[in-house]
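Residue numbers start at 1 and run along the sequence shown. All values below come from the heavy atoms of this structure, side chains included, with hydrogens, waters and symmetry mates left out.
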Amino acid sequence: MTATPPADGVDAAEDDLAAAGLRPAEVAAYAQIIARPGSAVRELATWWTRPEPLDATIADLQTKGLVTDDADDPPRYTAVDPGVALEAPLLDYEDRLRRAKERAQELADRHARRPASTDTETVVEVVSGHHGVVQQLAQIQRAAREELCCLDKPLGTDSRPALDPELLRGGVSTRTICEGASVDHFTESAPPWTAAEHVRILPALPMRLYLADRRYAILPLQTDPAAIEAALVVRASALLDALVKLFDGLWLRALPLPGLGPPGPASASSRPPRIDEQRLLTLLLSGLTDKAIAHQLGTAERTVQRHVAALMRSLGAHSRFQIGIQAAIRDRDRSGA
């Protein structure tokens, strides 16, 4: 029989079907028979490179109902349709995986219902090492079931967003307070926040913080280095209550971030686009740079600078801080008129 090159799929990863109860050698033999139906062991052995005996491996496949032979001497083998032969073991694996998830959730619920401990080592846990902290940050996002709150303060050169939407389960609401520098980072790329996420901004934040369902929190300890090497995991306690109140207080002070999302397409007109004064004031008071404001408004940085200069002249202000004060006085006078 003339040898032919291996068919597509024969050299695929041999552990892909471990969930169906197949050993790597069985996957390799099964793929060979699929590629060369009606072949005898001697013919299949031409392409067999594994140390396991080919004939014994094929016998195991027959026992599992994946291969049949024609009863000739020597027998020639044909693979049973994988869509039929592998359905039962894969369904069994899915069922075992479902039961494992249910058991894990049962243990998690039991853990959440346990009485609050007065043991300080249980209430406050110190996580050391960058890898351990990163794991804890990912775990708290995966574990949130109702709401995840976050203070998004960049740490050193690490200005990546604090929340990863891919880690959040469906139905979990999020509230994020960003520091101005966090928004500034995304002037080079589209913001990562989803439309359903509530985002507000403050010029400065005291720390980076995560709160999951108000049941526990993670507080990175470093505020300056780019690499986070330690963090506190805080469970039900007076300290956790204080962190929740801190977040709620900052949320009330923070300003909604208007125009959240990537800038729109450039206008075909050569005339500069109009900028809503209230949106511009909100972004100015949030502490954003001209570049970040331009990104949020979908316009050029020079356009923002011209509008800021015009706003300062109209209000008689000499700084961005005075813009906010003069605008508040003007609005108060107008409402009282």
**Request:** Evaluate the side chain to side chain contact (heavy atoms under 4.5 Å, CB included) criterion for residues Tyr30 and Val67: first the C-alpha distance (whole Å), next the side-chain angles of each, then the deciding distance (0.1 Å), finally the verdict.
**Result:** CA-CA 8 Å; Tyr30 193 36; Val67 169; 4.2 Å; yes
**Message:** Is there a side chain to side chain contact (heavy atoms under 4.5 Å, CB included) between Leu61 and Tyr77? Walk through the geometry before answering.
**Reply:** CA-CA 11 Å; Leu61 291 174; Tyr77 297 95; over 6 Å; no
**Item:** Evaluation steps, side chain to side chain contact (heavy atoms under 4.5 Å, CB included), between Gln136 and Val233
**Value:** CA-CA 8 Å; Gln136 286 286 346; Val233 178; 4.0 Å; yes
**Request:** Begin with the C-alpha distance, continue with both residues' side-chain angles, and end with the deciding distance and a verdict on side chain to side chain contact (heavy atoms under 4.5 Å, CB included) for Val172 and Glu146.
**Result:** CA-CA 5 Å; Val172 175; Glu146 297 178 2; over 6 Å; no
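The CG atom of Leu86 sits 10.5 Å away from the NZ atom of Lys64 when rounded to the nearest 0.5 Å. In this structure, CD on Glu179 lies 10.0 Å from CG on Leu151, to the nearest 0.5 angstrom. Note that the CG atom of Leu243 and the SG atom of Cys149 stand 11.5 Å from one another [nearest 0.5 Å]. Between the CH2 atom of Trp47 and the CG atom of Leu54 there is a distance of 14.0 Å, given to the nearest 0.5 Å. Residue Thr57 holds its OG1 atom at 11.5 Å from CG of Leu44, rounded to the nearest 0.5 Å. In this structure, CG on Leu240 lies 12.0 Å from CG on Leu232, to the nearest 0.5 angstrom.
Among the candidates Arg36, Arg76, Gln32, the single residue satisfying the side chain to side chain donor-acceptor pair (under 3.5 Å) test with Glu43 is Arg76. Among Leu90, Leu91, Val84, the one residue that satisfies the side chain to side chain contact (heavy atoms under 4.5 Å, CB included) test with Glu87 is Leu91.
Clustering ILVMFWY residues whenever any of their side-chain heavy atoms sit less than 4.5 angstrom apart, transitively, puts Val80 in a cluster other than the one holding Leu22. Met207 and Leu211 fall within the same hydrophobic cluster, where Ile, Leu, Val, Met, Phe, Trp and Tyr residues are linked whenever their side-chain heavy atoms come under 4.5 Å apart, directly or through other members.
Residues Leu205 and Cys178 come closest through the heavy atom pair CD1-C, 3.9 Å. Considering all non-hydrogen atoms of both residues, Ser237 and Val123 come closest at CB-CG1, 3.2 Å. The shortest non-hydrogen separation linking Thr78 to Gly38 is OG1-N, 3.9 Å. Scanning both residues, Leu250 and Pro206, for their nearest heavy atoms gives CD1-CD, 4.1 Å. Contact record, Pro53 with Trp48: C-NE1, 4.5 Å, taken as the closest heavy-atom pair. Nearest heavy atom pair, residue Pro89 against residue Ala20, reads CB-O, 3.4 Å.
Counted within 6.0 Å of CZ on Arg96, heavy atoms from surrounding residues, nucleotides or ligands total more than 12; the atom is thus considered enclosed. Heavy atoms of other residues, nucleotides or ligands lying less than 6.0 angstrom from CZ of Arg98 number more than 12.
In this structure the side chain of Arg302 never reaches within 4.5 angstrom of the side chain of His307, judged on heavy atoms. Using a 4.5 Å cut-off on side-chain heavy atoms (C-beta onward), Phe247 and Ile177 make contact. A heavy-atom distance below 4.5 Å is found between the side chains of Ile34 and Pro82. In this structure the side chain of Ile58 reaches within 4.5 angstrom of the side chain of Ile33, judged on heavy atoms. Side chains of Cys150 and Leu148 form no contact here, defined as non-hydrogen atoms less than 4.5 Å apart.
A distance-only check finds no donor-acceptor pair linking the side chain of Asp213 to the backbone of Arg215 [under 3.5 Å]. Checking side-chain atoms of Arg200 against main-chain N and O of Trp251 turns up a donor-acceptor pair under 3.5 Å. Remark: the backbone N or O of Arg23 is paired with a side-chain donor or acceptor of Glu26 at under 3.5 angstrom.
With salt bridges taken as basic N to acidic carboxylate O contacts below 4.0 Å, one links Arg214 and Asp248. Taking 4.0 Å as the cut-off between side-chain N and carboxylate O, Arg103 and Glu106 count as a salt-bridged pair.
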